[in-house]
**Student:** 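I have a structure here, written as structure tokens, and I will follow up with some questions on it.
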Amino acid sequence: MDFAAELLKWYQQNKRDLPWRNTTDAYIIWLSEVILQQTRVEQGMPYFYRFLERYPDVNSFANAAEDDILKLWQGLGYYSRGRNMLKTARLVQQDCDGIFPTAYDELLKLKGIGEYTAAAISSFSAGEVRAVVDGNVYRVLARYFGIDEPINSTGAKKTFQTIATDLINKKMPGLHNQAMMEFGAMLCKPKNPGCGICPVRIGCYAFKHNATTYLPVKLKKLKVRERFLNYFLITDGDKILMNKRGENDIWANMYDLPLIETQTLLPANELFNLPETKEYFGSIINNTEILPVQKHILTHQRLYVRLIKLNTQPVKLEQKWFYTEVQNLEKLALPKIIFIFLKNIFNL
DNA sequence: AAATCGGGGCC
DNA sequence: GGCCCAGATTT
């Protein structure tokens with residue numbers, strides 16, 4: 001039996017029972033696939049259920065407000081996924097009569113759907129012969145065939161796509177795709193792969209050469225930026241001053257607090273003496289409480305975040321600032337670190 | 001072709 | 001602390 005056939009047999013005996021595998025509804029499969037982009041199954045699962053319950057079809061999704069989508073997406077990260085889904089849902093409602101496309105070429109035109117997701121939806125929902133290439137597939141193929149081309153290098157995408165396409169089962173492409181990914185996720189794991197019980201270890205390059213620790217090869221070229229965020233907590237009765245974030249930074253279109261960003265971690269007196277600080281908050285030396293700096297790690301940024309409680313009102317308001325009732329915070333999509341701050345203060 | 005976009009789990 | 005996760009978009 002060949003490689004692909006062995007994996008299929010393994011899959012049928014070992015697969016998890018995941019909710020999005022029991023449907024051919026392209027909307028439901030799209031929902032699951034976008035949620036699972038760069039996200040573990042266990043982390044995405046509760047979001048999948050919540051979204052499906054709140055938005056059981058593409059039309060209900062299309063009729064949502066962006067704030068609602070972002071709020072339901074809160075905590076999952078990579079928030080452009082949610083915003084792109086809303087654009088796509090509205091396009092499908094408008095141009096496709098609310099019928100979600102299942103053809104690879106049509107799917108590829110939609111916001112937030114790239115080659116992987118188009119292959120996944122088209123093969124799972126319509127049996128189109130399109131091989132998925134995700135992180136699992138990169139790893140399985142690199143190890144089994146002994147490919148040391150860095151998976152994040154220029155030509156790798158084409159190399160691995162060609163191999164994956166060559167392997168796909170044309171009778172049941174969806175099952176084959178599921179099998180490849182499940183095998184990578186459950187057995188051919190990044191660390192401590194289950195080579196001892198692997199059904200294809202006899203033909204596996206990495207097993208034969210004891211190479212699972214360095215395959216797949218990946219170039220590390222990550223530049224991490226350090227940022228220092230000084231947030232100001234300003235209340236007025238039962239209201240709190242919030243800020244709506246812009247489009248071109250982390251947490252796009254989400255809500256945080258009035259913010260002064262600095263290039264270093266400034267002592268309190270230096271922060272308060274900045275022209276920008278004085279412009280918005282005047283002299284605030286004597287009525288503040290500064291919470292300890294929290295380190296917040298993102299993929300490309302190390303954030304040093306602290307909260308400064310003011311007992312006075314700002315002398316100038318920014319356009320994007322607005323007062324809202326504390327009770328209304330449950331409707332606003334908050335970045336994780338902001339949610340933690342406000343949760344601790346207001347018992348959200 | 002490279003940079004950017006979150007948050008969490010594992011080692 | 002580094003790596004990875006059912007990647008896509010922007011520059």
**Student:** Just checking, any donor-acceptor pair under 3.5 angstrom between side chains of A:Asp67 and A:Tyr255?
**Tutor:** yes

**Student:** Can you measure A:Lys218 atom NZ to B:dA2 atom P for me and round it to whole angstrom units?
**Tutor:** 15 Å

**Student:** Could you check whether A:Arg81 makes a cation-pi contact with A:Tyr78, meaning its NZ or CZ is under 6.0 Å from the centre of the six-membered ring and within 45° of the ring axis?
**Tutor:** no

**Student:** Where along residues 102-138 of chain A does a heavy atom come under 4.0 Å from DNA chain C, residue by residue in number order?
**Tutor:** A:Leu110, A:Lys111, A:Gly112, A:Ile113, A:Gly114, A:Glu115, A:Tyr116, A:Thr117, A:Asp134, A:Gly135, A:Asn136

**Student:** Please determine, by modelled atom types, if A:Asn59 and A:Asp57 share a side-chain donor-acceptor pair under 3.5 angstrom.
**Tutor:** no

**Student:** For C:dC4 and B:dG6, measure between their C1' atoms and round to the nearest Å.
**Tutor:** 14 Å

**Student:** For the residue pair A:Glu66 and A:Asn253, confirm or rule out a side-chain donor-acceptor distance under 3.5 Å.
**Tutor:** yes

**Student:** Who else is in the cluster with A:Tyr214 when I, L, V, M, F, W and Y are joined by side-chain contacts under 4.5 Å?
**Tutor:** A:Tyr205, A:Leu215, A:Val217

**Student:** Base, sugar-phosphate, or nothing for A:Arg21, non-hydrogen atoms under 4.0 angstrom?
**Tutor:** base

**Student:** When all nucleic acid strands are considered with a 4.0 Å heavy-atom cut-off, which category describes A:Trp73: base, sugar-phosphate, or nothing?
**Tutor:** nothing

**Student:** Check whether any side-chain heavy atom of A:Thr102 sits under 4.5 Å from a side-chain heavy atom of A:Ser125, and report yes or no.
**Tutor:** yes

**Student:** Using only heavy-atom distances, determine whether the side chains of A:Thr159 and A:Glu149 contain a donor-acceptor pair under 3.5 Å.
**Tutor:** yes

**Student:** For A:Leu219, which fellow cluster members are found when Ile, Leu, Val, Met, Phe, Trp and Tyr are connected by side-chain heavy-atom distances below 4.5 angstrom, either directly or through intermediates?
**Tutor:** none

**Student:** Using only heavy-atom distances, determine whether the side chains of A:Lys158 and A:Gln161 contain a donor-acceptor pair under 3.5 Å.
**Tutor:** no

**Student:** Report the distance from atom NZ of A:Lys220 to atom C1' of B:dA3, rounded to the nearest whole Å.
**Tutor:** 19 Å

**Student:** Mind checking who shares a hydrophobic cluster with A:Val293, ILVMFWY linked at side-chain heavy-atom distances under 4.5 Å?
**Tutor:** A:Phe228, A:Leu265, A:Tyr304

**Student:** Which of residues 162-174 of chain A sit near DNA chain C, with a heavy atom under 4.0 Å from it?
**Tutor:** none

**Student:** Generate the contact string for nucleotides 5-11 of chain B. Rules: B means base contact, S means sugar-phosphate contact only, - means no protein heavy atom under 4.0 Å.
**Tutor:** BBBBB-S

**Student:** Which is more 5' along DNA chain C, the nucleotide nearest A:Arg302 or the one nearest A:Glu33? Just name the residue.
**Tutor:** A:Arg302

**Student:** For the pair made of CG in A:Leu219 and P in B:dA3, what is the distance, rounded to whole Å?
**Tutor:** 12 Å

**Student:** Return the value, rounded to whole Å, for the distance between atom CE of A:Met181 and atom P of C:dC5.
**Tutor:** 13 Å

**Student:** Select base, sugar-phosphate, or nothing to describe what A:Lys189 touches, counting heavy atoms under 4.0 Å on all strands.
**Tutor:** nothing

**Student:** Please give, in whole Å, the distance from C:dT9 C1' to A:Met85 CE?
**Tutor:** 16 Å

**Student:** Compare every heavy atom of A:Thr39 with every heavy atom of A:Gly44, then report the nearest pair and how far apart it is.
**Tutor:** N-CG2, 3.9 Å

**Student:** Counting side-chain heavy atoms from CB outward, which of C:dA6, C:dT9, C:dC4 is closest to A:Asn84?
**Tutor:** C:dT9

**Student:** Could you grab the distance from atom CG of A:Leu7 to atom SG of A:Cys198, nearest 0.5 Å is fine?
**Tutor:** 7.5 Å

**Student:** Using atom P in both nucleotides, what's the gap between C:dA8 and B:dG8 to the nearest angstrom?
**Tutor:** 22 Å

**Student:** Can you measure A:Phe48 atom CZ to C:dA6 atom P for me and round it to whole angstrom units?
**Tutor:** 16 Å

**Student:** When the distance from NZ of A:Lys223 to C1' of B:dT4 is rounded to whole Å, what number comes out?
**Tutor:** 11 Å

**Student:** Taking only the P atom of each, what is the distance from B:dA1 to C:dC5 in whole angstrom?
**Tutor:** 23 Å

